[in-house]
Amino acid sequence: INNVAIQWQESNDLGFTWTNIPSGNQKNQLVFPKTIGEHFYRYSLKPLTNMDNPSCTFTSNNIKIKISAKPFAQSTNYVFGCYGSSITMGAAGGIEYSWSGPDGFVSTLQNPEIPNVTKANTGMYVVRVIDHNGCASADSTTLTIYDAPVATISLRDTSVCEGSPVQISASGGQNYEWFPALGLSNNKAFNPVATLTESTVYTVRVYNKYTCFDTSSVRINVWKKPKAFAGPDKFTLKNRAIQLDGKVIGNDINYYWSPRDYLDNPILEKPKAAPPLSQSYSLTVVSNKGCGSSTDEMKVEVISKLFVPTAFTPNGDGINDKWTIILFEEYPKGTARVYNRSGQLVYTGFAANYNPWDGKMGGEIALPGTYVYYIDLGEGSSLLKGTITLIY
């Protein structure tokens with residue numbers, strides 16, 4: 001622009017008042033807004049030959065420049081972690097983030113994670129934050145890595161008898177916590193006593209003063225104490241073999257029946273017995289691990305005629321749960337019927353395919369009380385009649 005004078009002007013009140021910018025007479029003018037907000041600029045042109053004539057002054061259109069504040073970049077003030085753990089850094093204040101730090105760390109996440117930290121990750125981390133205006137600022141934080149404790153357990157994997165106490169002891173830290181807590185005298189002690197009924201793996205978490213932790217485990221195998229169950233009493237005819245319903249429990253055990261008389265094999269769990277007279281038998285179980293022994297007894301009743309029980313207890317405990325007519329199978333045409341006090345038929349049994357009464361009526365548990373039975377052995381025999389007491 002030739003033969004004119006240029007004057008740049010500034011307004012900080014939306015263009016109502018204007019002030020000349022000192023030395024603002026350049027075609028391409030540098031301006032330096034000093035406050036946040038909207039700033040307006042324009043320039044005026046005056047002919048060099050007639051500068052005092054206002055009608056010869058021309059102004060340009062307004063230029064608006066908006067000055068935004070830098071984003072308030074924030075990072076976590078102080079970050080610490082335990083050796084080998086995962087650490088999450090945190091920042092706020094913008095919409096874009098750029099992290100840099102020790103050991104070549106870079107990330108564009110707002111909250112990046114550093115997995116399996118080591119001493120190489122210790123130091124200053126800087127985050128550059130950019131807001132929606134494209135303005136940027138930065139903040140920094142320091143990451144400190146603490147050594148983790150080393151957890152040790154003095155006891156190696158071991159085996160004990162069921163219910164026998166065993167002390168386990170850990171070291172390497174200031175605080176301790178054992179998992180599971182079941183069976184322990186105190187799961188927060190460094191040396192609790194374990195009393196177990198089942199084999200268990202215990203894991204201890206050992207903490208230092210920075211809450212860093214390490215873990216270690218020990219397995220305690222439990223040898224089950226021997227338990228003998230000789231089973232229910234049995235009824236049989238003279239010299240007719242009947243199988244005993246013995247059961248044994250335990251680890252590394254031996255067991256035997258006594259006396260050996262009239263048993264086909266006294267070291268079987270379920271031998272057959274054929275005594276000529278009623279005989280009691282004991283089942284004994286002995287632990288080979290020193291966990292004790294157990295003995296239970298049953299009786300084989302030798303009878304020569306039909307026996308009808310007068311009571312039973314169908315409570316599911318495995319003892320006298322059914323009304324069982326002894327030797328009923330010896331009468332293949334026999335029939336047994338049971339009635340309640342109202343005269344309703346509640347049970348019918350056939351000797352040919354005998355299924356003792358389980359105390360139910362129409363699939364539902366019958367009421368306790370007294371019931372009447374009728375037994376017809378067939379082949380012209382007399383009808384047997386009596387009462388049964390159902391007890392819970």
Side-chain angles (χ1 to χ4, degrees), residues 228-247 257-266 268-283 296-361 365-392:
F229 302 93
D233 292 345
K234 296 284 186 174
F235 296 86
T236 187
L237 293 173
K238 182 178 180 180
N239 296 323
R240 174 179 287 186
I242 188 169
Q243 189 170 50
L244 308 187
D245 290 331
K247 181 180 179 181
W257 290 87
S258 61
R260 305 167 59 95
D261 302 342
Y262 311 109
L263 297 178
D264 65 339
N265 190 338
L268 291 179
E269 193 174 23
K270 300 178 184 296
K272 290 182 178 180
L277 300 173
S278 296
Q279 173 70 54
S280 294
Y281 290 99
S282 295
L283 175 60
D296 192 26
E297 186 178 273
M298 58 82 63
K299 187 176 184 180
V300 177
E301 293 279 0
V302 177
I303 60 177
S304 57
K305 61 180 181 179
L306 190 77
F307 175 75
V308 182
T310 57
F312 71 117
T313 57
N315 54 13
D317 64 356
I319 301 174
N320 200 29
D321 281 335
K322 295 183 178 182
W323 182 60
T324 304
I325 306 170
I326 309 304
L327 296 184
F328 193 37
E329 299 93 330
E330 298 296 318
Y331 303 88
K333 296 183 180 181
T335 302
R337 291 181 174 83
V338 177
Y339 298 86
N340 61 18
R341 291 182 178 181
S342 300
Q344 293 176 294
L345 179 66
V346 300
Y347 165 77
T348 302
F350 302 96
N353 187 21
Y354 186 42
N355 185 18
W357 185 32
D358 59 4
K360 293 182 178 180
M361 175 181 175
I365 297 175
L367 295 174
T370 302
Y371 293 78
V372 177
Y373 69 81
Y374 295 90
I375 299 175
D376 183 359
L377 299 178
E379 300 180 351
S381 61
S382 301
L383 191 66
L384 303 179
K385 178 182 177 182
T387 59
I388 319 161
T389 302
L390 191 157
I391 305 169
Y392 283 107

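Just so it is clear, the structure is predicted and the values come from calculations on it, not from any experiment.
Once rounded to the nearest 0.5 Å, the distance linking CZ of F350 with CG of D376 reads 11.0 Å. To the nearest 0.5 Å, the span separating CG on L345 from CE on M361 amounts to 8.5 Å. In this structure, OH in Y331 is found 5.5 Å from CG in L377, a value given to the nearest 0.5 Å.
Aromatic rings from Y347 and Y371 are positioned such that their centres are separated by 6.0 Å or more. Aromatic pair W257/Y262: ring centres not closer than 6.0 Å.
Counting heavy atoms of neighbouring residues, nucleotides and ligands inside a 6.0 Å radius, atom NZ of K247 does not exceed 12 of them. By the neighbour-count criterion of 12 heavy atoms within 6.0 Å, atom CG of N353 is sparsely surrounded, having that number or fewer from other residues, nucleotides or ligands.
In this structure, the ring-ring contact (aromatic ring centres under 6.0 Å, His included) partners of Y373, at least two apart in sequence or on a different chain, are W323. Under the rule for a side-chain hydrogen bond (donor to acceptor under 3.5 Å, both in side chains), the partners of S278 that lie at least two apart in sequence or sit in another chain are E301. For Q243, there are no side-chain hydrogen bond (donor to acceptor under 3.5 Å, both in side chains) partners two or more places apart in sequence or in a different chain. Considering only residues two or more places apart in sequence or on other chains, F328 meets the ring-ring contact (aromatic ring centres under 6.0 Å, His included) condition with Y354.
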Using residues 385-392 as the side-chain source, report each donor-acceptor pair under 3.5 Å to any protein atom, sequence neighbours left out, with the distance given to one decimal.
residue: Y392; atom: OH; partner: A366; partner atom: O; Å: 3.3

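Residue L244 comes nearest to A273 through the heavy atom pair CD2-CB, 4.1 Å, listed as atom of the first residue, atom of the second, then distance. Of all non-hydrogen atoms in T313 and I319, the two that sit nearest each other are OG1-O, 3.5 Å. The two residues D296 and G231 come nearest to each other via the heavy atoms OD2-N, 4.3 Å. When all heavy atoms of S280 and K299 are compared, the pair lying nearest together is OG-CG, 3.8 Å. The shortest non-hydrogen separation linking I325 to L306 is CG2-CD1, 3.7 Å. Between G343 and Y339, the closest heavy-atom pair is O-CD2, 3.5 Å.
At distances below 3.5 Å, at least one donor-acceptor pair connects side-chain atoms of Y281 with backbone N or O atoms of D261. Judged by distance alone, the side chain of D233 and the main-chain N or O of M298 form no donor-acceptor pair under 3.5 Å.
Considering only heavy atoms from C-beta on, P314 stays 4.5 Å or farther from K360 through its side chain. Taking 4.5 Å as the limit, some side-chain heavy atom of I303 sits within range of a side-chain heavy atom of L327. R341 places a side-chain heavy atom less than 4.5 Å from the side chain of T370. Residues F312 and D321 fail the side-chain proximity criterion, which asks for heavy atoms closer than 4.5 Å.
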Let me see the working for V302 and T236 under side-chain contact (heavy atoms from CB on, under 4.5 Å), right down to the final yes or no. CA-CA 5 Å; V302 177; T236 187; 4.3 Å; yes
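Among pairs with a residue in residues 326-339, those fulfilling salt bridge (charged side-chain N to carboxylate O under 4.0 Å, His left out) read R240-E330, at least two apart in sequence or across chains.
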